[in-house]
Amino acid sequence: MSSRKVIELFFDVVSPYSWLAFEVMCRYRKVWNIELRLRPTFLGGVMQGSGNKPPGLVPNKFLYMGKDLNRLSEYFNVPLKPPADVHEAMFKKGSLNAMWFVTAVQEMEKSGDERVERVSRELWRRIWYEDRDITEPASLSEAAMKAGLSDSEIKRALELCNSQEIKEKLKSATEEALDYGAFGFPLVVCHLNGKPELFFGSDRFELLAHCIGEKWLGPLPDKSTAKL
Ligand SMILES: N[C@@H](CCC(=O)N[C@@H](CS)C(=O)NCC(=O)O)C(=O)O
């Protein structure tokens, strides 16, 4: 068997399109010969650093995205439902605290990304399905509890959240994404023959599969992995 290709997924839980890409990559890591590396990052920093602006700030794009996400939710089997006040949730409240928290959880992982996967999913579910806060410590705790973290792990993650170490870690992941050429999320970076190949969006999987020599079997490659 050829050696596994390393694929990095840069994501932020404020980004609904990142949720779609995240679920697809988590499903395909069991199907393709890849090593998936989850890279929690801050989309606000990527927008600022690249000179881009969120597509939701253009009124017609905002209207289109509402319809697009509705269709995609069904197609990808990911329970997406925009919060009542998208601008408040995405731009006023934002995701900095949540992404510090996910970074802290990643820092605490001994091996693998299992908890990062579960906690990120619960945070997406809160903001992009239940229309609930993801900025307050109580909200982060609740998401982590649902993700199966123990009380002491949650306490430690909340402490770590405020540490300089974690803030620096999230900042350097954001800088790394920008160095790759990020301007938005999701960003999938495939390492092919020692060279990073970038794919922006949750709508590039067919092309990505072609480039890495794997088969795209649609959003649900294995029905048993698709329960959310
Ligand atoms: N066509 C992409 C759109 C992804 C997208 O709009 N991502 C937002 C964040 S949720 C973004 O960062 N956009 C930057 C841009 O469109 O320039 C997809 O289907 O995934």
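As the structure lists them, so they are numbered: ligands from 1, and atoms in each ligand from 1.
- A donor atom on one side chain and an acceptor atom on the other are not found under 3.5 Å apart for Tyr17 and Asp203.
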Inset, instruction - Take Phe11 and Phe185 through the ring pair (Phe, Tyr, Trp, His ring centres under 6.0 Å) test and state the conclusion after the steps. - result: CA-CA 6 Å; Phe11 68 93; Phe185 281 172; 8.1 Å; no

Which N/O atoms of ligand 1 sit under 3.5 Å from a protein N/O, and at what distances?
unit_1, atom_1, unit_2, atom_2, d
ligand 1, 1 (N), Asp203, OD2, 2.8
ligand 1, 7 (N), Phe185, O, 2.8
ligand 1, 12 (O), Phe185, N, 3.0
ligand 1, 17 (O), Asn52, ND2, 2.8
ligand 1, 19 (O), Ser202, OG, 3.4
ligand 1, 19 (O), Asp203, OD2, 3.3
ligand 1, 20 (O), Ser202, N, 2.6
ligand 1, 20 (O), Ser202, OG, 2.7

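- At a cut-off of 3.5 Å, with distance as the only test, no side-chain donor of Ser50 or Asn52 sits close to an acceptor on the other residue.
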Inset, instruction - Determine, stepwise, if the pair Glu165 / Leu160 fulfils side chain to side chain contact (heavy atoms under 4.5 Å, CB included). - result: CA-CA 8 Å; Glu165 179 198 356; Leu160 269 179; 4.1 Å; yes

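- The aromatic rings of Trp216 and Phe205 lie parallel to each other, their planes meeting at an angle below 30°, with 60° marking the opposite boundary.
- The heavy-atom pair separating Tyr28 from Lys215 by the smallest distance is CE2-O, 3.8 Å.
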